[in-house]
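See structure below.
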Amino acid sequence: MLSSHFNPQELETRWYQHWMEKNYFHSEPDEREPFTIVIPPPNVTGVLHMGHMLNNTIQDILIRKARKEGKNACWVPGTDHASIATEAKVVGMLREKGIKKSDLPREEFLNYAWEWKEKYGGIILDQLKKLGCSCDWERTAFTMDPKLSQAVIKVFVDLHKKGKLYRGLRMTNWDPSAKTVLSNEEVIYKDENSQLFHIKYAFEDNPAEGIVIATQRPETIMADVAIAVHPDDERYKNIVGKKVLIPLIDRAIPIIADSYVDMEFGTAALKITPAHDQNDYEVGQRHNLEVIDILNADGTLNEAAQILVGEDRFVARKKIKKLLDEGGHLVELENYVTSIGTSERTGAVVEPRLTKQWFLDMKDFAATALKAVKEGDVKFFPENMWNMYYSWLQEDNIRDWCISRQLWWGQRIPCWYLKSDESETPFVAEGEKEALEQIRAHFNDNNIDLDDLHQDEDVVDTWFSSWLWPITVFNGFDDQKELEYYYPTNVLVTGWDIMFFWVARMIMAGYEFAPELLGENARGIQPFKDVFFTGMVRDNKRRKMSKSLGNSPDALTLIDKYGADGVRYGILSCTSAGADIIFDAPIDPATGEVLNESKLCEQGSKFCNKMWNALKLIKGWKVEDKEQGKVEKLAIEWFENRLQQVGNQLEIYFEEYRFSDAILSLYKLIWDDFCSWYLEWIKPEDGTISKATLEATIGLFEKQMSLLHPFMPFVTEEIWHQLKDRAKGEDVIVTPFPEKKAYDKNLVAAIEKAQTLVTKIRETRASNQLSSREPYPLYAEKVAATEKLFATDGMAELVSKAANLSNLEISEKGEGIAFLSGAEKYYLGAEVEVNVEEKKAELEKEIEYQKGFVNSIEKKLSNERFVSGAPAQVVDRERQKLADGQARIKILEEELGKL
RNA sequence: GGGCGCAUAGCUCAGUUGGUUCAGAGCACCUGCCUUACAAGCAGGGGGUCGGAGGUUCGAAUCCUUCUGCGCCCACCA
């Protein structure tokens, strides 16, 4: 006995377990064609959010489809160690315990971090299981697994050997919260309301006079080493070379001339602070100026500042404002909107800082990555993502990748230095022993010991390990057997926001290492053939859904409420490639909190319920030894063809990654065509049905479940099994799709015509307040189109059943309520009181409209350039439309005449 | 400052080389139905001069120009 409502929770667990037991998700290389996807590894500390739901649902659809097509489908799951984010969390956790990171040795800190990872690391993967993701869990990888880390080290050494990695002192982006350097891509610029401080610096030799500069950062004046003006600036020409005193600390600095200064901006005089600004640093280099760094790693002022020592930079700004004002140095305050760099991970305002870091030379990499997409070896969906890609990678824009991070959680840089070597000559090697050899050889001293060396304290950027992901998950750097089979992967599904962080860099790594690893055995060297970029999931106010904004519904609560299939449906139906996704999750106006509700997911769960009820209907029928009726025969034939049509269309949607169109077409097929039309047609009065019809219906239902399975795996598997007894292993997850073949367009069109007629009859009933339960006769006017329609065996019965007719007759004339379906006239044989005036007005209005319609077509057809210029097909269509229109007018006028 | 994209029904969006059923879908709304699978449902309905203006064409939501309003990416101007 089936429950009255579809109940997803229990069966989702049951089916997932069943699939796992059958090992359907696991893949081993064999003779079949592989279909590979590597998951964009979520942060190990992360929890499932709407963005994950979206791209993992899509990946699951693709992988399930491939599996059903008989390919060797392999979806590799895993997580990313996310150094900054994870380290920040562990530091926070320790702080709560009263432990400072700086008090811990590296080893001990890492033990805590691993403990943390073991405890929370698997959460997001378990959540993916709830969503139904059919990942090969035996292959679950982690970017800090020993083999993956080993590969990072190898790659580091290799790139160093090739001369693509170098260490240097550069102006870098410093995150004072995480206390590490960041790559350019990790800096997010935001507009902020700020103030421009106009500050007067007095001349050393004439303290009464001075020069006014403009700055946003008054707290850095103690690090000033010069004032710069434009060499052509007449206002300042005669004071270049003079010295001025820095306010408050009275250190003398020169006025210099440099064409970098913009004569139009501010006061056209610029303070030069090489330690705390990229441009100032460059100016300083040109003029051989000193670098005075007044900031500590955590953003507080150091001794060099002389005043406000120990204060945070933003506190210092407030305080120095007061000091400058009191000292009479502050001339003006101007409101100003400025773009300010913040850390992608911690949100802290990034500080330009001069540090020694490791960089990867990007020139060749960028060119290769650009070419791969340009030449179509890697295809982007949607195509226009190329623009963004290009703008970042083009030669004069790309900058070297800063890959070192001042963190502990991650792969430690395989570089050793001789402790006594003040110039810090780096020795890059896979291990300390190899490094020792190099160092002994270099310094020509065999007495040097391991104790005399020290390893670089830093780790590499997380992305320097994840850029190898499509290779390392198959242990490609150790043993190429699996790589040969699975690489290149078929498609990457990810958000465009990590195009630079990850997508571009994976392409670079693929082209750099796959040829070396695979040689002639490579089926391709690109890491993936297609990239499907999903949009960002936003709320109904178009804000990006994020944990910090609190505007994202809780993924698991949604799954609890609507079922995994319902949520999958909901998220898919608002997905279009590349475009942002407005996921409507209403917000409680009273509390401002997001309600874990979604209309679209609700629609998805109702859809499940609908299918469930169709199942109940079919299962309630008893087979009786009786002949199959005409209606059933025709309905079955029609639905087979209609199903074929949708199946073919689905194939096109898949090729173009149009998931919302795909699921909507299945929704309509099942709800409208199958439930509303087909089942109503074959539904018996007495609950008994012929064997042939029941079997055909089950077969049709099966096929629909098969087509829908990749999108909504649980409900389809359940119904598939409820429909009939299955042999062991006969699960829809591994059942091939229905065969693709041509369908009968004429039959589909004919039924559509019949459906239009049925709707017209219902409409006529409704507008005349006639009960839908009362059978009435229908008279069809004898015209060619009508005769043709009803020549199909069973068509009259089909229409009669759907429209509840007592009789359907084609005759020269009929009586009752006249109406039009297409250009054909029908009469519904019912007596109604007719309001003549109303009816007249209605007809006149309709005639007028039809005449306008006919006029416009006549005009078109009398235009010779149209008749000669347009394709014959189009002209024929217009002629048909004209004839239909004229026929309609004739009928309407006859009706009018009768009144 | 450079570049990309979007604007179609109250809302979210389709509309694939200009031409059938080109002005559509879902939700929302209105009307009538507790018809034995489903009220988480059934049957029907109203609603848009396709952002504005010009142009190309026999024909424009679709191509071009321009304006307006949004969104995004990139870029070292205090």
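For clarity, every value in this text was computed on a predicted model and none was experimentally measured. Here is how names work: the chains are called A, B, and so on, in the same order as the sequence lines, proteins then strands, and each is numbered from 1.
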Residue closer to the 5' end of RNA chain B, A:R217 versus A:I618 (nearest nucleotide):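 Going by which nucleotide is closer to the 5' end, it is A:I618.
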
Nearest nucleotide by nearest heavy atom, which residue falls closer to the 5' end of RNA chain B, A:K683 or A:D672?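 The residue closer to the strand's 5' end, by nearest nucleotide, is A:D672.
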
Can you say whether a donor on the side chain of [X] sits under 3.5 Å from an acceptor on the base of [N], or the other way round?
{"X": "A:E680", "N": "B:rA37", "value": "yes"}
{"X": "A:N387", "N": "B:rC4", "value": "no"}
{"X": "A:K610", "N": "B:rC38", "value": "yes"}

So, is [X] close to the [N] phosphate, meaning a side-chain N or O under 4.0 Å from OP1 or OP2?
{"X": "A:S391", "N": "B:rG2", "result": "no"}
{"X": "A:T756", "N": "B:rU21", "result": "no"}
{"X": "A:R773", "N": "B:rU35", "result": "no"}
{"X": "A:T220", "N": "B:rA78", "result": "no"}
{"X": "A:Y336", "N": "B:rA78", "result": "yes"}
{"X": "A:R399", "N": "B:rC76", "result": "yes"}
{"X": "A:K881", "N": "B:rG19", "result": "no"}

Assign [X] to base, sugar-phosphate, or nothing according to its heavy-atom contacts below 4.0 angstrom with the strands shown.
{"X": "A:L664", "answer": "sugar-phosphate"}
{"X": "A:Y653", "answer": "nothing"}
{"X": "A:E763", "answer": "sugar-phosphate"}
{"X": "A:A802", "answer": "nothing"}
{"X": "A:F607", "answer": "nothing"}
{"X": "A:K619", "answer": "nothing"}
{"X": "A:D262", "answer": "base"}
{"X": "A:I582", "answer": "sugar-phosphate"}
{"X": "A:T759", "answer": "sugar-phosphate"}
{"X": "A:D661", "answer": "sugar-phosphate"}
{"X": "A:Q880", "answer": "nothing"}
{"X": "A:W671", "answer": "sugar-phosphate"}
{"X": "A:S4", "answer": "nothing"}
{"X": "A:V875", "answer": "nothing"}

Compute the centroid of each ring, for A:F659 and then for A:F711, and state whether the two points are separated by less than 6.0 Å.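 No.
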
Given atom [atom1] of [X] and atom [atom2] of [N], what is their separation to the nearest angstrom?
{"X": "A:F500", "N": "B:rA75", "atom1": "CZ", "atom2": "C1'", "answer": "12 Å"}
{"X": "A:N397", "N": "B:rC76", "atom1": "CG", "atom2": "C1'", "answer": "12 Å"}
{"X": "A:M536", "N": "B:rC73", "atom1": "CE", "atom2": "C1'", "answer": "12 Å"}
{"X": "A:K616", "N": "B:rU36", "atom1": "NZ", "atom2": "P", "answer": "13 Å"}
{"X": "A:L723", "N": "B:rA37", "atom1": "CG", "atom2": "C1'", "answer": "14 Å"}
{"X": "A:F265", "N": "B:rG1", "atom1": "CZ", "atom2": "P", "answer": "14 Å"}

Parallel, tilted or perpendicular, as decided by the 30° and 60° cut-offs, for the rings of A:F500 and A:W392: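 A:W392 and A:F500: parallel rings.
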
Look at the aromatic rings of A:F607 and A:W671 and report parallel, tilted or perpendicular, splitting at 30° and 60°.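 Answer is parallel, since the angle falls under 30°.
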
When you compare the side chain of [Y] with that of [X], does any pair of heavy atoms fall below 4.5 Å?
{"X": "A:V229", "Y": "A:R235", "answer": "no"}
{"X": "A:Y281", "Y": "A:L354", "answer": "yes"}
{"X": "A:V875", "Y": "A:F866", "answer": "yes"}

Modelled atom types, side-chain donor and acceptor of A:N335 and A:N193, under 3.5 Å: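 There is no such pair between these side chains.
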
Roughly how far apart, to the nearest Å, are [N] and [M] at atom [atom1]?
{"N": "B:rC13", "M": "B:rC72", "atom1": "P", "result": "14 Å"}
{"N": "B:rA28", "M": "B:rG47", "atom1": "C1'", "result": "12 Å"}
{"N": "B:rG59", "M": "B:rG19", "atom1": "C1'", "result": "7 Å"}
{"N": "B:rU21", "M": "B:rA25", "atom1": "C1'", "result": "15 Å"}
{"N": "B:rA75", "M": "B:rG1", "atom1": "C1'", "result": "8 Å"}
{"N": "B:rC58", "M": "B:rA53", "atom1": "P", "result": "23 Å"}
{"N": "B:rA7", "M": "B:rG15", "atom1": "C1'", "result": "15 Å"}
{"N": "B:rC22", "M": "B:rC6", "atom1": "P", "result": "24 Å"}

For A:K760, does the NZ atom sit with more than 12 other heavy atoms under 6.0 Å from it, leaving out its own atoms?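 Atom NZ in A:K760 is not crowded, with 12 or fewer foreign heavy atoms closer than 6.0 Å.
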
